[in-house]
Amino acid sequence: MIPRSRMFAALALILVAGCSSTAEEPSTQQMQPLALKEQASSVAKGDGGYVVSWAGVLGNSNPWHFGENVVATIVGVDAKGAEVLRMDQPLDAVPPSGTLAFTGQAVTGAKPERVTITHRSAQWRQVARIPSSLRKFPVSRVQTIKQKDGTYLVTGDVGNPYVLPASSLTVSALLRDRSGKLLGGASTFVDDVRAGKTPRFILTVEGLPASTQVARTEVVARTWGSTGRPYEELAVGGAVPVHTVKPSTPPFAKDRGRYAVTAENKP
């Protein structure tokens with residue numbers, strides 16, 4: 001027969017082991033690093049030197065964490081391999097199970113023959129809301145018009161699916177060819193985007209070669225900032241209800257969803 005004191009000690013060990021095996025927030029070592037899914041660049045001769053334009057798409061495969069304080073590094077080298085451009089670009093937060101489109105431009109005195117984009121490791125923060133509450137900002141009426149100087153004018157409307165106003169949104173346009181390959185892009189800002197309003201954005205994509213064949217334009221909008229807090233603050237305020245139009249038909253004179261059981265109908 002097992003003494004009662006030993007039985008209680010064994011039960012205590014089981015309880016402690018059970019508590020220690022509860023799910024915890026993944027450590028940094030368990031997080032999947034951000035992946036540079038696409039990148040494109042172009043070089044054009046300008047008045048003050050060579051204008052280097054770039055676009056990229058970062059992917060975050062972690063479903064419960066924002067990738068924050070991310071910095072992209074753009075490096076250009078000449079025909080001899082000498083570095084003629086190096087620039088660090090702070091990026092906005094990358095949402096859970098999402099992507100971040102980013103663009104940029106710089107001027108250098110020497111012409112780069114090759115431009116590459118890398119990025120530093122992100123700082124991870126667990127999302128305070130369920131990921132499904134982080135809704136996309138709708139973009140509509142997008143038009144892409146090629147100008148006489150070879151630039152592309154992109155216009156459209158951006159909306160806000162949340163009740164609270166978005167103080168500032170970054171709108172990025174990515175130009176692609178028929179196969180979907182990224183050719184280039186540009187970004188702009190839209191301030192004070194309120195629910196029910198669709199302010200217009202206008203941006204210009206420059207520096208693409210004259211032979212470029214643009215087949216479609218992908219436009220995405222996101223909150224501005226190196227952390228995901230602006231996004232989460234909007235989600236905490238709640239989303240705008242989908243059905244907000246009052247019914248125009250008169251109500252039923254009798255509720256047809258119920259069936260009254262009388263004494264005659266009883267089994």
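The shown structure was predicted, so the numbers you read here are calculated from the model rather than taken from an experiment.
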Sidechain-backbone polar pair: [X] side chain, [Y] backbone, donor-acceptor under 3.5 Å:
| X | Y | value |
| --- | --- | --- |
| Q147 | I145 | yes |
| S133 | A235 | no |
| N60 | H65 | yes |
| Y231 | R222 | no |
| Q32 | S61 | no |
| D92 | S226 | no |

Quick one: do [X] and [Y] end up in the same hydrophobic cluster if we chain Ile, Leu, Val, Met, Phe, Trp and Tyr together by side-chain heavy atoms under 4.5 Å apart?
| X | Y | value |
| --- | --- | --- |
| I117 | L85 | yes |
| V219 | L208 | yes |
| M87 | F102 | yes |

Please determine whether the number of non-hydrogen atoms from other residues, nucleotides or ligands lying under 6.0 Å from atom [atom1] of [X] exceeds 12.
| X | atom1 | value |
| --- | --- | --- |
| K37 | NZ | no |
| K45 | NZ | yes |
| R178 | CZ | no |
| R176 | CZ | yes |

Just wondering, do [Y] and [X] contact through their side chains at under 4.5 Å, heavy atoms?
| X | Y | answer |
| --- | --- | --- |
| F201 | V139 | yes |
| L174 | T103 | yes |
| W54 | Q39 | no |
| P199 | V193 | yes |
| L183 | Y152 | no |
| L58 | T99 | no |
| V190 | W224 | no |

Where do [X] and [Y] come nearest, in terms of heavy atoms and distance?
| X | Y | value |
| --- | --- | --- |
| A173 | V154 | CB-CG1, 4.0 Å |
| V84 | A110 | CG1-CB, 3.7 Å |
| V205 | G184 | CG1-C, 4.4 Å |
| S41 | V115 | OG-CB, 3.5 Å |
| P96 | V127 | CG-CB, 4.3 Å |

Flag for R200-T155: side-chain donor and acceptor within less than 3.5 Å: yes
Output all residues satisfying side-chain contact (heavy atoms from CB on, under 4.5 Å) with [X], sequence neighbours left out; order by chain, then residue number.
| X | value |
| --- | --- |
| P138 | P161 |
| A40 | L182 |
| Q213 | none |

Candidates S42, S53, S187 - the one meeting side chain to side chain donor-acceptor pair (under 3.5 Å) with Q105: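 Filter result, single survivor: S53.
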Rounded to the nearest 0.5 Å, how far does [atom2] of [Y] lie from [atom1] of [X]?
| X | Y | atom1 | atom2 | answer |
| --- | --- | --- | --- | --- |
| E113 | K80 | CD | NZ | 12.0 Å |
| E83 | T108 | CD | OG1 | 10.0 Å |
| L175 | T212 | CG | OG1 | 9.0 Å |
| D157 | K197 | CG | NZ | 13.0 Å |
| E68 | R229 | CD | CZ | 7.0 Å |
| S167 | D191 | OG | CG | 7.5 Å |

Residues that D88 engages under salt bridge (Lys or Arg N to Asp or Glu O under 4.0 Å), provided they are two or more places apart: R120
Fellow cluster residues of L153, listed by chain then number, with links counted only when side-chain atoms sit under 4.5 Å apart: I202
Hydrophobic cluster (4.5 angstrom, side-chain heavy atoms) - remaining members for V220: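 Taking Ile, Leu, Val, Met, Phe, Trp and Tyr as members, V220 stands alone, with no cluster partners.
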